[in-house]
Q: 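Following this message is one structure expressed as structure tokens.
Throughout, protein chains are lettered first and strands after them, A, B, ... in sequence-line order, and every chain is numbered starting at 1.
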Protein chains: 2
Amino acid sequence: MTEEELMLQQLFDEDKLTDKQKKIIVAAIETFSEKGYAASSTSEIAKKAGVAEGTIFRHYKTKKELLVSIVAPLMTKFIAPLVVKDFNKVLDREFETVEDFLKATIENRRDLLIRMLPVVKIMFQEIPFQPELREQFFELVVENIFDRVEKVIVGYQEKGQLIDMPPKSIARLTITNILGFLISRYVLFPHLDWDDELEIERTIQFIMHGVGKKN
Amino acid sequence: MTEEELMLQQLFDEDKLTDKQKKIIVAAIETFSEKGYAASSTSEIAKKAGVAEGTIFRHYKTKKELLVSIVAPLMTKFIAPLVVKDFNKVLDREFETVEDFLKATIENRRDLLIRMLPVVKIMFQEIPFQPELREQFFELVVENIFDRVEKVIVGYQEKGQLIDMPPKSIARLTITNILGFLISRYVLFPHLDWDDELEIERTIQFIMHGVGKKN
DNA sequence: CTCTGAAATGAGTGATTACTCACTCCGATT
DNA sequence: AATCGGAGTGAGTAATCACTCATTTCAGAG
């Protein structure tokens, strides 16, 4: 079983999928990620999947339904657990400092995040144009995850490790920097020389201490 | 003539454009920004511009040339001056602190950036898929602007106002946060309540001092 | 006014699009 | 063996796509 199929298992294993269905999903992810949703034709996806074009429409009523069926599980089954799981550890005081928590979270999940990147890329590419996705993203990420993130932040604030800024702003700024690193690293400038460990360290340092020199 | 009108003129008025040409550009920006490049049809753009479809292809050989002719000037004539202009002030010691410089830059240009946002949105949407744009973006922004940004950063480092992190990383992190704010504010969650002044203040505070509490 | 060349037109092109449907295939059930 | 239902097929559909081109419109020069 290839690495990619493993990733798909985590995402789509719940329902029993036939071989052809899996191949369609793999081909769709690859095509959408490379060319964008609108520029990808169902005939090309079918060809890449080694499947008749009609087979796609047996399982997905429309092309958009294929897109949603790929991106939606990412939001409900991947992002939420990704964040929430380690948050419980934080709430259990397994991490003394925010740095440790951030480092553990990013380091632990980095390989997984890299592997999910094609789908993540599709997600952020299409959110501005697909109201269905935007709504789902908003409900899950903003209202659901931000609530939990806020609690963690408040916890660290009470421990005196975080400044008194509103938790929503802290969450926005922190997530921005993690995503900003990933997008710079793997989407915009993947061909530059990157010392990943070091740059993650710097990103965490930046989140915690900024770039201003303390006096 | 205001600074902004000058900018827009520099963007699209350099060559004498007919009324219809201007209408095509405006309609194209609006359509590309709303639906994405691939999902926008030339017939729709023509209709929105009040122009025959053939008129588009009289001035732009292909649809892609229309895209490039919109985005390319933004990179060569807008982004560079936007950044560079105030940098000269910094180099002239007009701003004593990094905070003042960041605040002045963001505040001064915010309205302009908001108005340019449709084009900026198109730019970042299409960079992953258009090698031509990516190459141009890389050459201009990374090699050209980053070089200048580095000098400014080094200057502030020598004044003891910035930590000893490599200038490239500082630049990446700073730009990430400014763009992250704009994308959150105007692309992902424009419908949320935002106190812009306050959130810009927080973003600057974050860039300078992070979220860790000093002891 | 006429002449001229660029600007603009819109019907028309073949290719491609998302999607349909009558059909075959095949393993499980009775 | 007969039946059945879902999986898969691929030729076919109307619509739309980017793009072309012969023709018309129009503004300025003589």
Side-chain angles (χ1 to χ4, degrees), chain A residues 5 8 12-72 122 125-126 129-133, chain B residues 12-72 122 125-126 129-133:
Chain A
E5 279 164 349
L8 287 177
F12 306 107
D13 201 53
E14 193 176 348
D15 315 310
K16 303 171 200 167
L17 298 181
T18 65
D19 265 3
K20 305 240 169 186
Q21 280 177 305
K22 290 176 189 169
K23 281 180 184 171
I24 289 172
I25 290 175
V26 171
I29 290 175
E30 191 179 326
T31 312
F32 287 160
S33 183
E34 276 175 11
K35 317 178 71 172
Y37 167 74
S40 303
S41 70
T42 50
S43 69
E44 186 187 352
I45 294 170
K47 199 176 172 185
K48 188 174 281 182
V51 148
E53 200 174 349
T55 309
I56 292 178
F57 291 96
R58 174 145 306 271
H59 300 288
Y60 308 95
K61 270 181 283 185
T62 64
K63 184 186 165 191
K64 186 176 289 184
E65 192 179 300
L66 174 60
L67 169 72
V68 172
S69 78
I70 286 172
V71 177
I122 296 170
Q125 281 287 339
E126 292 308 317
F129 304 124
Q130 309 290 346
E132 194 175 349
L133 288 183
Chain B
F12 302 114
D13 264 16
E14 188 182 4
D15 313 312
K16 300 169 198 167
L17 299 180
T18 66
D19 266 2
K20 306 241 171 188
Q21 280 177 307
K22 290 176 190 169
K23 282 180 184 172
I24 289 172
I25 289 176
V26 170
I29 289 175
E30 191 179 328
T31 312
F32 287 161
S33 183
E34 276 174 11
K35 316 178 68 171
Y37 167 75
S40 302
S41 70
T42 50
S43 69
E44 186 187 352
I45 294 171
K47 199 175 171 185
K48 187 174 281 182
V51 148
E53 199 173 349
T55 308
I56 292 178
F57 291 96
R58 175 144 306 270
H59 300 289
Y60 308 95
K61 270 180 284 185
T62 64
K63 182 186 166 191
K64 185 175 288 184
E65 192 178 299
L66 174 60
L67 169 72
V68 172
S69 80
I70 287 173
V71 177
I122 296 171
Q125 280 288 339
E126 291 309 317
F129 304 124
Q130 310 290 346
E132 193 176 347
L133 289 183

Q: Between B/Ile70 and B/Ala28, what is the shortest heavy-atom contact and its length?
A: CD1-CB, 3.5 Å
Q: For DNA chain D, which nucleotides open and close the run of contacts to chain A, 5' to 3', at under 4.0 angstrom from a non-hydrogen atom?
A: D/dA7 to D/dG10
Q: Counting only non-hydrogen atoms, which of residues 35-45 of chain B are less than 4.0 Å from DNA chain C?
A: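 Under 4.0 Å from DNA chain C: no residue of residues 35-45 of chain B.
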Q: Determine yes or no for a side-chain-to-main-chain donor-acceptor pair under 3.5 angstrom, with A/Ser40 supplying the side chain and A/Thr31 the backbone.
A: yes
Q: Quick one: how far along DNA chain C does chain A reach, first to last nucleotide 5' to 3', anything under 4.0 Å to a heavy atom?
A: C/dT17 to C/dA22
Q: Quick check on B/Glu132: does its CD atom have over 12 non-hydrogen neighbours (other residues, nucleotides or ligands) under 6.0 Å away?
A: no
Q: Would you mind listing every salt bridge (charged side-chain N to carboxylate O under 4.0 Å, His left out) that reaches into residues 24-45 of chain B, with sequence neighbours excluded?
A: B/Glu30-B/Lys48, B/Glu34-B/Lys48, B/Lys35-B/Glu44
Q: Can you list the residues that meet the side chain to side chain contact (heavy atoms under 4.5 Å, CB included) rule with A/Lys20, with sequence neighbours excluded?
A: A/Thr18, A/Val51
Q: Kindly write out the residues that satisfy side chain to side chain donor-acceptor pair (under 3.5 Å) with B/Gln130, not counting sequence neighbours, or none if the list is empty.
A: B/Lys64, B/Glu126
Q: Under the side chain to side chain contact (heavy atoms under 4.5 Å, CB included) test, which residues partner A/Lys63, sequence neighbours left out?
A: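 Result, side chain to side chain contact (heavy atoms under 4.5 Å, CB included) vs A/Lys63: A/Phe32, A/Tyr37, A/Thr42.
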Q: Heavy atom of residues 51-58 of chain B under 4.0 Å from DNA chain C: which residues?
A: B/Val51, B/Ala52, B/Gly54, B/Thr55, B/Arg58
Q: What ring-ring contact (aromatic ring centres under 6.0 Å, His included) pairs are there with at least one residue in residues 39-66 of chain B, not counting sequence neighbours?
A: none
Q: Calculate, to the nearest 0.5 Å, the distance between atoms CD1 and CG belonging to B/Ile29 and B/Leu66 respectively.
A: 9.0 Å
Q: Rounded to the nearest 0.5 Å, how far apart are OG of B/Ser41 and CD of B/Glu53?
A: 7.0 Å
Q: Run the side chain to side chain donor-acceptor pair (under 3.5 Å) test against A/Thr62 and tell me which residues pass, sequence neighbours left out.
A: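 Listed in chain order: nothing, the list is empty.
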Q: What pair of heavy atoms forms the shortest contact from B/Ile45 to B/Ala27, and how long is it?
A: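 For B/Ile45 and B/Ala27, the tightest heavy-atom pair comes out as O-CB, 3.7 Å.
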